[in-house]
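Here is the structure we will look at.
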Protein chains: 2
Amino acid sequence: MKKKVSLKDIAREAGVSAALVSYVLTNKAEKARVGKDIAKKIRQIARKLNYQPNHIARSLKSGRSYTIGLVVADISNPFFGNIARTIEDEAKRNNYTVIFGSSDENAEKSWSLINVLLNRQVDGLIITPTEGSEQQVKQLKAMNVPFVLIDRYFPAIPSNHVIINNFESAYQAVQHLIQKGRTRVGMIAYKTSLDHINERKRGYREALRDHDLLGKNNRLKEARYSHLKTDVHAAIDQLCTGRKPADALFFATNSLAIEGLKYINELGIRVPEELAIVSFDEGEAFDLFYSPVTFVRQPILDMGREAVRVLLEQMGDTKKDTAQISIDAELVIRRSCGS
Amino acid sequence: MKKKVSLKDIAREAGVSAALVSYVLTNKAEKARVGKDIAKKIRQIARKLNYQPNHIARSLKSGRSYTIGLVVADISNPFFGNIARTIEDEAKRNNYTVIFGSSDENAEKSWSLINVLLNRQVDGLIITPTEGSEQQVKQLKAMNVPFVLIDRYFPAIPSNHVIINNFESAYQAVQHLIQKGRTRVGMIAYKTSLDHINERKRGYREALRDHDLLGKNNRLKEARYSHLKTDVHAAIDQLCTGRKPADALFFATNSLAIEGLKYINELGIRVPEELAIVSFDEGEAFDLFYSPVTFVRQPILDMGREAVRVLLEQMGDTKKDTAQISIDAELVIRRSCGS
DNA sequence: CTTGTTTGTTTAAACGTTTAAGCATATTTT
DNA sequence: AAAATATGCTTAAACGTTTAAACAAACAAG
C-alpha cells in the first residue's frame with residue numbers, strides 16, 4: 001500500500017509544525033488561536049494531498065478506538081444478521097464502527113472472541129451470551145468493561161441488557177392458539193439453561209394452566225442445539241402420534257420452526273387443519289409456507305438501537321446505572337392457526 | 001474501563017526495562033539473548049497481571065492492523081451473512097479480524113464505507129461492489145490498496161475477484177427447465193449494469209436460443225432493486241397472463257424469488273403443474289415451499305475462503321499478480337420443476 | 001518606557017509497542 | 001595479558017496523533 005499522508009507531510013509542505021496542522025484539522029483552530037491565513041493554507045494542502053487521519057494513532061493517543069465489538073451466535077443466521085445490521089447503522093450514526101465475531105453458541109469460543117475484541121481495544125461490547133457464559137459476564141463486570149447483553153441475559157447477574165418480554169410474548173402466542181379452539185398445544189424448544197428460552201417455556205405452561213389445559217400429558221419437548229434435526233423430528237413424532245395427537249404447535253425459535261415445518265410437510269400433516277402453528281421470530285420462509293405462519297415478531301430494530309444507546313451511555317465519562325431494557329414483541333397473525 | 005496492564009507495568013514489577021519484557025513476550029528471547037531466569041520471571045508476572053498486548057499500539061508501530069474490511073450489500077441478507085461468516089472464520093484462522101459495513105447497493109454509501117475502513121487502517125478490503133462503483137475500484141487500484149471483489153466484478157477493470165460462473169450456471173438452470181419439457185420460460189432479473197446479473201441473463205438467452213425457444217415474445221423481465229415488490233408483481237402479471245403464459249420461471253436471485261413466490265401463491269398458480277421454478281441462491285424458504293424449489297447453489301464457503309486467501313496473498317510483501325477466480329455453482333434439484 | 005496581555009506558533013511529552021544500537025560484564029581466544 | 005567475542009540488559013527512537021506548556025512577537029495599558 002502507498003505510504004499515507006501524515007500531519008508531518010502537511011506541516012513540511014506548509015512550513016509549519018505538525019501541532020499547528022493538528023489544531024487546524026481537528027477544528028480547534030479558534031481555541032488555539034491559529035492565524036486565519038495559515039489555517040486556510042493548511043486546509044488547502046490537506047485537501048490537495050488527500051490527507052486521511054490515522055485512526056490508529058488517534059486511538060492510541062485518546063485511549064478510545066471508537067469501535068464496538070459485537071459477539072453474536074452466528075452472523076449467517078438472519079436473526080443475528082438483522083441485529084448486526086441495526087447495530088451497524090446505529091453505531092455509524094454515532095461515528096463508531098463494528099467488529100464482529102460468531103460464537104456458535106459455544107462458551108469457549110465466546111470467551112476467546114471477547115478477548116480478541118478487547119485486545120483490539122474496542123470501547124465496549126454487545127454480546128448475545130451463550131449458555132454457560134455466566135463467568136464471562138461476571139469477569140467483564142469485574143474488569144469494568146462497558147457491555148450490553150442482547151437477546152439473552154442471566155437473571156442472577158445484574159448487568160445491562162436489552163431483551164424482549166419472552167414470558168408475555170409466549171403467553172400471548174399460546175393463548176392465541178387456545179382461543180382458536182386448540183386444546184392439545186405442544187411446544188418445541190431448546191434444551192438450555194438460557195433464560196430467554198425458559199421464559200418462553202414458562203409463558204407456554206402458564207397459558208395452558210390458566211386455561212386448565214395443562215393435563216398430565218407433557219407436550220413440551222426439548223431439542224439439543226447440536227442435534228437440531230434429529231431431536232425436532234423425534235419431538236414431532238412423539239407429539240403427533242398416539243391417541244391424543246397435538247392439534248397445535250408452538251416453536252420457541254425460527255430455526256426450530258424451519259426444521260419442524262419441513263418435517264411436518266414430509267409427514268403430510270395439514271396446517272392449520274390438523275395442526276396449528278405459531279413460532280417465535282420471523283423469516284422469509286414463514287411467508288412462503290403454504291399456510292403463512294403466525295409468529296412473534298421481535299422488535300429487532302428497537303433492540304439494536306437500544307443496545308447501542310445503552311452502550312454509548314455506559315461508555316460515557318459519567319458512569320450510569322445499569323439499564324435493563326425489556327421491549328414488547330408483537331404477535332403477527334397469518335393463516336397457520338386457522339381463521 | 002479499568003486501566004490495562006502495559007509492558008511498563010510488568011517491567012516495573014520485574015525491575016527491568018520495557019524492552020526486555022517485549023522481547024520475552026513476543027518470543028524473541030532467544031534472538032535477544034535474554035537470561036532464562038529473568039525470562040521466566042517476566043512471563044510469570046505477565047500471567048499474574050493478566051497482560052494483554054495493546055493491539056492498537058502494535059498496529060501503529062508495525063503499520064499493519066491485522067484487520068480486514070468487508071463491504072457487503074446488506075449483512076442482514078442471508079447470502080451476505082453467509083459470506084461474512086466464511087470470511088470471518090477464514091480471517092480468524094489467519095489471526096485477522098473483520099470490520100464490516102453494508103452499502104445497501106448504494107455507490108455513495110459504499111465509498112464512504114470504504115473510506116471509513118481505510119481510515120481505520122484495514123490491511124485490505126473484500127468488497128461486493130455496487131452498481132456504478134467502477135471509479136471506486138479504479139481509485140483503490142491507483143492507491144495500491146490490496147482488495148478483492150467478491151460475487152461481482154467489472155470486466156473492463158482488471159482486478160482481483162472471486163465469482164461464480166454465472167453464465168454457465170444460468171445456462172444449466174434454464175436447460176434443466178427445457179429438458180423438463182417447458183417451452184415458455186420466463187426470467188425475472190434485476191435491472192442493473194452489474195455483470196454477474198447480466199451474465200445470468202445471457203445464460204438464459206443462450207440456453208433458449210440453443211433450443212430454438214427464443215421466440216419473439218420477450219420473457220425476460222427486469223425489476224428495480226428499489227421497487228422490488230411492485231416490479232416483480234408487474235413482471236409476473238405480464239408473464240403469466242395472455243394467450244401464451246409462461247410455463248416456467250427463472251429467478252436471478254433469492255430476493256426476487258421470495259417476492260415472486262409469495263405473489264405466485266397469492267395468485268393461486270400451482271407449482272410445478274402450471275409453472276416450474278428455478279432460482280439462483282438458496283434459502284430456508286425454498287425448502288419450505290410446498291413444492292421445494294430447485295436452485296443454483298453458490299459455493300459460498302469456497303468463495304469466502306478464496307477471497308481471504310487471495311487477499312492475504314496480495315497483502316504479502318511480495319506482490320502477486322491479480323487473481324481472477326471463477327468457481328462453478330451447482331444446480332440442486334428439488335421438486336419445483338416436476339419429476 | 002516598562003509591564004501586561006493578546007496573538008500566533010513551536011516544543012515536547014505522551015499513548016504502548018518494537019527493535020536497532022549501545023554498553024557493560026563475563027568469557028573465550030590468541 | 002591483551003584482544004576478541006559472547007552474554008545480558010538498557011537506551012532511545014520510531015509509528016501518527018493530541019495537547020499542555022513554553023515562547024516570541026506584537027500590541028495595549030499604565
Side-chain angles (χ1 to χ4, degrees), chain A residues 1-43 45-46 49-67 118-123, chain B residues 1-43 45-46 49-67 118-123:
Chain A
M1 238 195 293
K2 211 174 267 182
K3 202 171 78 277
K4 303 269 282 191
V5 177
S6 76
L7 287 182
K8 268 187 202 163
D9 298 321
I10 299 177
R12 194 175 325 111
E13 177 113 3
V16 298
S17 72
L20 206 56
V21 179
S22 173
Y23 283 127
V24 172
L25 263 28
T26 50
N27 296 312
K28 300 205 183 61
E30 328 286 88
K31 248 186 82 187
R33 308 164 306 207
V34 180
K36 286 210 157 191
D37 297 350
I38 195 72
K40 188 180 284 183
K41 188 174 171 189
I42 286 170
R43 269 186 248 273
I45 293 175
L49 299 183
N50 186 33
Y51 169 74
Q52 303 287 107
N54 182 323
H55 208 276
I56 295 213
R58 261 189 197 171
S59 292
L60 181 58
K61 188 77 220 315
S62 68
R64 324 199 70 200
S65 63
Y66 288 92
T67 303
L118 288 178
N119 285 1
R120 304 234 162 195
Q121 319 300 124
V122 297
D123 294 336
Chain B
M1 241 197 289
K2 211 175 266 182
K3 200 170 81 280
K4 303 268 281 193
V5 178
S6 76
L7 287 183
K8 268 188 202 162
D9 298 321
I10 300 178
R12 195 177 323 111
E13 177 114 1
V16 297
S17 73
L20 205 57
V21 179
S22 172
Y23 283 125
V24 172
L25 264 27
T26 51
N27 296 312
K28 299 204 183 61
E30 326 288 86
K31 247 187 84 189
R33 307 165 306 208
V34 181
K36 286 209 158 193
D37 297 349
I38 194 73
K40 187 180 282 181
K41 186 174 173 192
I42 285 170
R43 269 187 249 273
I45 293 175
L49 298 183
N50 186 32
Y51 169 74
Q52 303 288 106
N54 182 323
H55 208 277
I56 295 212
R58 264 192 193 167
S59 292
L60 181 58
K61 188 78 221 313
S62 68
R64 323 200 70 200
S65 63
Y66 288 91
T67 304
L118 288 178
N119 285 1
R120 304 235 162 194
Q121 317 302 120
V122 297
D123 294 336

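When the side-chain nitrogen and oxygen atoms of Ser6(A) are compared with OP1 and OP2 of dG16(D), none of them lie within a distance under 4.0 Å. Put simply, Lys4(B) has no side-chain N or O that comes within less than 4.0 Å of OP1 or OP2 on dC15(C). Between Ser22(A) and dT18(D) there is a side-chain polar atom (N or O) within less than 4.0 angstrom of OP1 or OP2. For the OP1/OP2 pair of dT19(C) and a distance below 4.0 Å, the side-chain nitrogens and oxygens of Lys28(B) include at least one atom meeting the criterion.
Regarding Lys40(A), its NZ atom lies at a distance of 15 Å from the P atom of dG8(C), rounded to whole Å.
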Could you give the side-chain donor-acceptor pairs of residues 12-25 of chain B under 3.5 Å, partners two or more places apart or in another chain?
{"residue": "Arg12(B)", "atom": "NH2", "partner": "Asp9(B)", "partner atom": "OD1", "Å": "3.3"}
{"residue": "Glu13(B)", "atom": "OE2", "partner": "Lys48(B)", "partner atom": "NZ", "Å": "2.7"}
{"residue": "Ser17(B)", "atom": "OG", "partner": "Leu20(B)", "partner atom": "N", "Å": "3.4"}

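Two residues are said to be in side-chain contact when any heavy atoms from C-beta on lie closer than 4.5 Å; Ser59(A) and Gln121(A) fail this criterion. Tyr51(A) is listed as a side-chain neighbour of Leu7(A), based on a closest heavy-atom distance under 4.5 Å.
The residue among Leu20(B) and Ile56(B) whose nearest nucleotide of DNA chain C is located toward the 5' end is Ile56(B). Both Lys31(B) and Asn54(B) lie near DNA chain C, and the one whose nearest nucleotide falls closer to the 5' end is Asn54(B).
When distances run from any side-chain atom of Leu60(A) to the nucleotides dT18(C), dT11(C), dG16(D), the shortest one goes to dG16(D). Counting only heavy atoms from C-beta on, Arg33(B) has its side chain closest to dC9(D) among dT18(C), dC9(D), dC15(D). Here the side chain of Leu7(B) is nearest to one of dT10(D), dT18(C), dG16(C), namely dT18(C). Among dT10(C), dT17(C), dT17(D), the nucleotide with an atom closest to any side-chain atom of Ala57(B) is dT17(C).
On a pure distance criterion of 3.5 Å, a polar donor-acceptor pair joins the side chain of Lys61(B) and the base of dT18(C).
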